[in-house]
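Atoms within a ligand are numbered from 1 in the order they appear, just like the ligands themselves.
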Amino acid sequence: MEECIRMQKIVKRYESGNRKNRNVTEALRGVSLCISKGEFVAVTGRSGCGKSTLLNIMGGMDRQTSGEYLFFGKKVGGMNARALARFRNQSIGFVFQAFYLAKELNAVDNAAMPLGYAHVKNRERKRRAEEALNAVGLGGKLRAYPAQLSGGEQQRVAIARAIINHPGVLLADEPTGNLDQENGQKIMDLLHQLHRDGMTIVMVTHDLALAGQADRILYMEDGMQKM
Ligand SMILES: Nc1ncnc2c1ncn2[C@@H]1O[C@H](COP(=O)(O)OP(=O)(O)O)[C@@H](O)[C@H]1O
Ligand SMILES: [Mg+2]
């Protein structure tokens with residue numbers, strides 16, 4: 001199996017306060033892991049154990065304090081701002097618990113956001129957004145605004161937005177956390193479908209029943225992976 005993500009002794013420290021009153025939180029205390037291309041991995045563990053911190057570093061949204069993060073053998077920590085922005089936009093799709101859709105945009109325009117305005121013509125933006133929305137089962141609600149959609153449907157729009165540039169990797173941080181069980185399972189079914197189509201998926205959840213549906217579970221505890 002081709003290696004996709006490798007982390008070696010990843011440490012993440014958050015420092016706050018001033019010189020007199022220093023506050024250091026070690027969110028990750030030396031995480032080492034390897035994820036193969038095409039795997040579906042669930043990350044689980046108690047609130048505050050570092051799951052989101054880990055996922056944010058994987059997605060290039062945050063940088064580690066020390067240790068090495070390799071994406072298909074390339075050091076993400078060594079990328080300059082421009083390369084990192086490109087990595088986030090092209091190589092990774094990210095889905096959040098809270099969807100983060102723009103209220104004033106309909107489903108098509110929300111899904112098209114990562115395409116940018118400069119390089120992709122309007123007609124092509126719409127075509128690709130509609131294709132992504134069809135892929136997540138929302139072909140019938142292309143012009144709906146977030147307020148007109150259920151939570152599960154809003155998360156589908158967010159997933160369409162995440163996959164519009166055809167990234168190889170989808171990172172999802174508690175993607176079902178705001179949904180009831182039935183809608184949560186529908187989002188899981190969609191992740192399974194994307195996985196079958198070849199995507200590498202890393203999903204954070206504290207729902208063990210959902211975690212159990214992945215190929216592999218990574219348990220975290222207090223900034224470390226449990227063996
Ligand atoms: N931006 C931040 N500044 C300071 N501390 C943070 C920040 N983000 C997270 N933390 C701390 O790092 C630890 C891990 O947080 P997080 O990765 O969000 O955990 P989880 O997602 O597993 O609930 C927690 O103690 C949290 O309070
Ligand atoms: Mg979290």
Side-chain angles (χ1 to χ4, degrees), residues 4-35 39-71 76-77 79 81 84-85 87-88 92-101 151-152 154-155 158-159 161-162 167 169-181 183-185 187-188 190-191 200-227:
C4 171
I5 285 170
R6 176 184 289 277
M7 290 192 161
Q8 287 163 329
K9 298 184 183 165
I10 292 286
V11 171
K12 177 65 185 183
R13 260 180 234 118
Y14 290 109
E15 303 193 12
S16 57
N18 50 37
R19 239 172 32 154
K20 281 190 178 157
N21 223 332
R22 205 154 192 63
N23 207 343
V24 180
T25 305
E26 211 162 56
L28 297 176
R29 300 189 298 124
V31 174
S32 299
L33 57 83
C34 193
I35 295 171
E39 254 195 306
F40 186 164
V41 176
V43 179
T44 192
R46 280 203 193 127
S47 180
C49 71
K51 304 181 297 297
S52 293
T53 304
L54 182 71
L55 216 66
N56 289 344
I57 293 172
M58 267 184 203
M61 300 199 298
D62 203 350
R63 284 185 198 266
Q64 67 270 30
T65 306
S66 66
E68 203 147 87
Y69 168 28
L70 300 166
F71 186 84
V76 177
M79 291 181 187
L84 196 63
F87 168 72
R88 281 197 300 259
I92 301 279
F94 214 106
V95 181
F96 305 89
Q97 176 172 353
F99 322 139
Y100 295 126
L101 300 176
Q154 290 182 57
Q155 191 61 297
I159 292 173
R161 179 181 60 189
V169 176
L170 186 70
L171 305 178
D173 193 350
E174 308 264 12
T176 66
N178 282 5
L179 304 176
D180 60 34
Q181 197 185 351
N183 281 298
Q185 186 55 51
I187 292 299
M188 277 307 285
L190 174 55
L191 296 183
T200 306
I201 299 183
V202 184
M203 174 188 73
V204 167
T205 180
H206 54 244
D207 184 327
L208 283 175
L210 295 184
Q213 295 179 29
D215 293 339
R216 175 156 68 99
I217 305 182
L218 205 109
Y219 294 93
M220 292 201 44
E221 188 173 74
D222 198 17
M224 292 285 286
Q225 77 274 38
K226 273 205 289 195
M227 287 299 146

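Salt bridge Asp173/Lys51: absent, no basic N to carboxylate O contact under 4.0 Å.
The heavy-atom pair separating Tyr100 from Arg161 by the smallest distance is O-NH1, 2.7 Å. In this structure, Gln225 and Gly30 approach most closely via the heavy-atom pair OE1-O, 4.0 Å. Here the closest heavy-atom approach between residue Thr65 and residue Arg13 is recorded as OG1-N, 2.8 Å. Between Thr205 and Glu174, the shortest heavy-atom distance links the atoms CA-OE1, 3.7 Å. Listed here is the closest heavy atom pair of Leu55 and Leu171: O-CD1, 3.8 Å.
Using a 4.0 Å cut-off between heavy atoms, Thr25 contacts ligand 1 through its side chain alone, with no backbone atom that close. Using a 4.0 Å cut-off between heavy atoms, Met220 makes no contact with ligand 1 at all.
The neighbour count for Arg46 CZ, taken as heavy atoms of other residues, nucleotides or ligands under 6.0 Å away, does not exceed 12.
Of all protein heavy atoms, the one lying nearest to atom 17 (O) of ligand 1 is Thr53 OG1, 2.5 Å. For atom 19 (O) of ligand 1, the nearest protein heavy atom (residue, atom name, distance) is Gly50 N, 3.2 Å. Protein heavy atom closest to atom 1 (N) of ligand 1, with residue, atom name and distance, is Tyr14 CE2, 3.5 Å. Protein heavy atom at the shortest distance from atom 20 (P) of ligand 1 is Gly48 N, 3.5 Å.
Distances below 4.0 Å separate heavy atoms of Arg46 from the following atoms of ligand 1: 22 (O). Here is the list of ligand 1 atoms found below 4.0 Å of a heavy atom in Ser52: 17 (O), 18 (O), 20 (P), 21 (O).
In this structure, atom 22 (O) of ligand 1 has protein heavy atoms in its sub-4.0 angstrom surroundings. Remark: atom 26 (C) of ligand 1 lies closer than 4.0 Å to no protein heavy atom.
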Check: Between Met203 and Leu170, does a side-chain contact (heavy atoms from CB on, under 4.5 Å) hold up when you go through it step by step?
Finding: CA-CA 8 Å; Met203 174 188 73; Leu170 186 70; over 6 Å; no
Notebook entry, point to check: Taking it one step at a time, do Met220 and Leu28 satisfy side-chain contact (heavy atoms from CB on, under 4.5 Å)?
Noted result: CA-CA 10 Å; Met220 292 201 44; Leu28 297 176; 3.8 Å; yes
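Distances from ligand 1 to the non-hydrogen atoms of Ser47 include at least one value under 4.0 Å.
At least one N, O or S atom of Ser52, from either the backbone or the side chain, sits less than 2.8 Å from the Mg ion (ligand 2).
Polar contact with ligand 1: absent for Ala27 (N/O pair, distance under 3.5 Å).
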